[in-house]
Amino acid sequence: MGPLPRTLELFYDVLSPYSWLGFEVLCRYKNIWNINLQLRPSLIGGIMKDSGSLSAMRFLTAVSMEHPEMLEKVSRELWMRVWSRDEDISEPQSILAAAEKAGMSTEQARGLLEKISTPDVKNKLKETTEAACKYGAFGLPITVAHLDGQTHMLFGSDRMELLAHLLGEKWMGPVPPAINARL
């Protein structure tokens with residue numbers, strides 16, 4: 001039995017293409033580096049005061065609260081819509097389409113969409129965004145590594161070599177060989 005996984009928190013917003021880069025790299029490395037990756041949907045507008053992704057981020061917050069196993073896939077699909085296909089992610093039908101394409105049932109997705117204006121979801125997104133700010137965020141993505149009783153905050157998706165060094169792991173580029181063989 002190997003060492004216990006180290007915890008990394010990734011604060012992100014799907015309106016940030018840099019968040020997407022960091023998200024994909026950390027999802028690829030989570031098993032290679034034996035890390036417990038905690039995805040933390042945040043509102044970049046709460047940090048930078050100007051976004052436009054409020055509905056999408058509230059939806060992801062609802063997903064994280066009720067169907068966390070779907071969070072990675074739904075987040076990725078929202079990024080694909082907005083940054084790869086230049087499609088909308090702010091309208092309800094767009095969010096539903098992304099959730100369904102990610103494998104969520106229409107019923108589940110509609111149920112979550114109905115909850116994006118509830119105090120529970122609004123407060124959770126606000127709390128997560130405030131947590132990012134408390135770590136010193138001034139934009140997204142930030143990755144917070146909890147190692148040996150210390151907390152390290154790294155800003156940006158171009159800090160993966162530094163993260164690997166902190167973890168005592170090897171950086172093998174954005175597509176590690178184990179992933180590259182599956183592509």
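Counting from 1, the numbers follow the sequence of the chain as shown.
Remark: Tyr18 OH is loosely packed, at most 12 non-hydrogen atoms of other residues, nucleotides or ligands lying under 6.0 Å away. Heavy atoms of other residues, nucleotides or ligands lying less than 6.0 angstrom from NE2 of His165 number 12 at most.
Looking at residues two or more places apart in sequence or on another chain, you find a side chain to side chain contact (heavy atoms under 4.5 Å, CB included) between Arg159 and Leu154, Leu162. In this view, Tyr12 and Phe23, Trp79 satisfy the ring pair (Phe, Tyr, Trp, His ring centres under 6.0 Å) rule, not counting sequence neighbours.
Looking at Ile35 and Thr7, their side chains never come closer than 4.5 Å, going by heavy atoms from C-beta outward. Side chains of Ser53 and Ser90 form no contact here, defined as non-hydrogen atoms less than 4.5 Å apart. Using a 4.5 Å cut-off on side-chain heavy atoms (C-beta onward), Thr129 and Leu125 make contact. Two residues are said to be in side-chain contact when any heavy atoms from C-beta on lie closer than 4.5 Å; Leu163 and Trp171 fail this criterion. Within the 4.5 Å cutoff, side-chain heavy atoms of Leu78 are placed close to those of Leu60. For the pair Tyr29/Glu24, no side-chain contact is recorded, criterion being any heavy-atom separation below 4.5 Å from C-beta on. Here the side chains of Pro177 and Met172 are in contact, with some heavy-atom distance below 4.5 Å. Counting only heavy atoms from C-beta outward, the side chains of Leu37 and Cys27 approach each other to under 4.5 Å.
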Exercise for review: Determine, stepwise, if the pair Glu130 / Lys134 fulfils salt bridge (charged side-chain N to carboxylate O under 4.0 Å, His left out).
Suggested key: CA-CA 6 Å; Glu130 287 172 354; Lys134 286 179 184 172; 5.5 Å; no
Practice item. Before giving the answer on side chain to side chain contact (heavy atoms under 4.5 Å, CB included), spell out for Leu43 and Leu54 the whole-Å C-alpha distance, their side-chain angles and the decisive distance to 0.1 Å. Key: CA-CA 7 Å; Leu43 184 62; Leu54 183 58; 3.7 Å; yes
Exercise for review: Step by step, work out the side chain to side chain contact (heavy atoms under 4.5 Å, CB included) result for Ser94 and Arg81.
Suggested key: CA-CA 9 Å; Ser94 301; Arg81 285 185 67 84; 3.5 Å; yes
**Study point:** Derivation of the side chain to side chain contact (heavy atoms under 4.5 Å, CB included) call for Val144 and Leu8
**Key:** CA-CA 5 Å; Val144 179; Leu8 296 182; over 6 Å; no
Practice item. Under the side chain to side chain contact (heavy atoms under 4.5 Å, CB included) rule, what do Met160 and Leu26 come out as? Steps first, then yes or no, please. Key: CA-CA 8 Å; Met160 296 305 160; Leu26 290 177; 3.9 Å; yes
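Counted by atom type alone, Tyr135 and Glu9 present one or more donor-acceptor pairs between their side chains at under 3.5 Å.
Contact record, Gly136 with Met153: O-CE, 3.5 Å, taken as the closest heavy-atom pair. Scanning both residues, Ala132 and Phe11, for their nearest heavy atoms gives CB-CD2, 3.4 Å. Of all non-hydrogen atoms in Met104 and Val63, the two that sit nearest each other are CE-CG2, 4.1 Å. Contact record, Met57 with Ser42: CE-O, 3.2 Å, taken as the closest heavy-atom pair. Residues Met70 and Gly103 approach most closely at CE-C, 3.7 Å, considering heavy atoms. Here the closest heavy-atom approach between residue Ala56 and residue Ile95 is recorded as N-CD1, 3.9 Å.
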Show me the side-chain donor-acceptor pairs of residues 107-116 shorter than 3.5 Å, one per line, residues at least two apart or across chains.
{"unit_1": "Gln108", "atom_1": "OE1", "unit_2": "Ser105", "atom_2": "N", "d": "3.4"}
{"unit_1": "Gln108", "atom_1": "NE2", "unit_2": "His67", "atom_2": "ND1", "d": "3.4"}
{"unit_1": "Lys115", "atom_1": "NZ", "unit_2": "Glu66", "atom_2": "OE1", "d": "3.1"}
{"unit_1": "Lys115", "atom_1": "NZ", "unit_2": "Glu66", "atom_2": "OE2", "d": "2.7"}

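In this structure, the side chain of Arg58 does not engage the main chain of Val121 through any donor-acceptor pair within 3.5 Å. Although no hydrogens or angles enter the test, the distance criterion places no donor-acceptor pair under 3.5 Å between the side chain of Asp13 and the main chain of Ser16. Of the possible donor and acceptor atoms, one in the side chain of Trp83 sits under 3.5 Å from a partner among the backbone N and O of Val14.
Expressed to the nearest 0.5 Å, how far CD of Glu87 lies from CD1 of Ile89 amounts to 11.0 Å. Atom-to-atom distance recorded for Gln38:CD and Leu71:CG is 11.5 Å, nearest 0.5 angstrom. Atom-to-atom distance recorded for Asn34:CG and Asn36:CG is 9.5 Å, nearest 0.5 angstrom.
Linking Ile, Leu, Val, Met, Phe, Trp and Tyr residues whenever their side-chain heavy atoms come within less than 4.5 Å leaves Leu21 and Leu10 in two separate clusters.
With respect to Arg40 and Glu127, no salt bridge is recorded, no charged nitrogen being found less than 4.0 Å from a carboxylate O. Between Glu77 and Arg85, at least one side-chain N (NZ, or NE/NH1/NH2) sits under 4.0 Å from a carboxylate O, which counts as a salt bridge. Checked for salt-bridge contact, Glu169 and Arg6 meet the test: a charged N lies under 4.0 Å from a carboxylate O.
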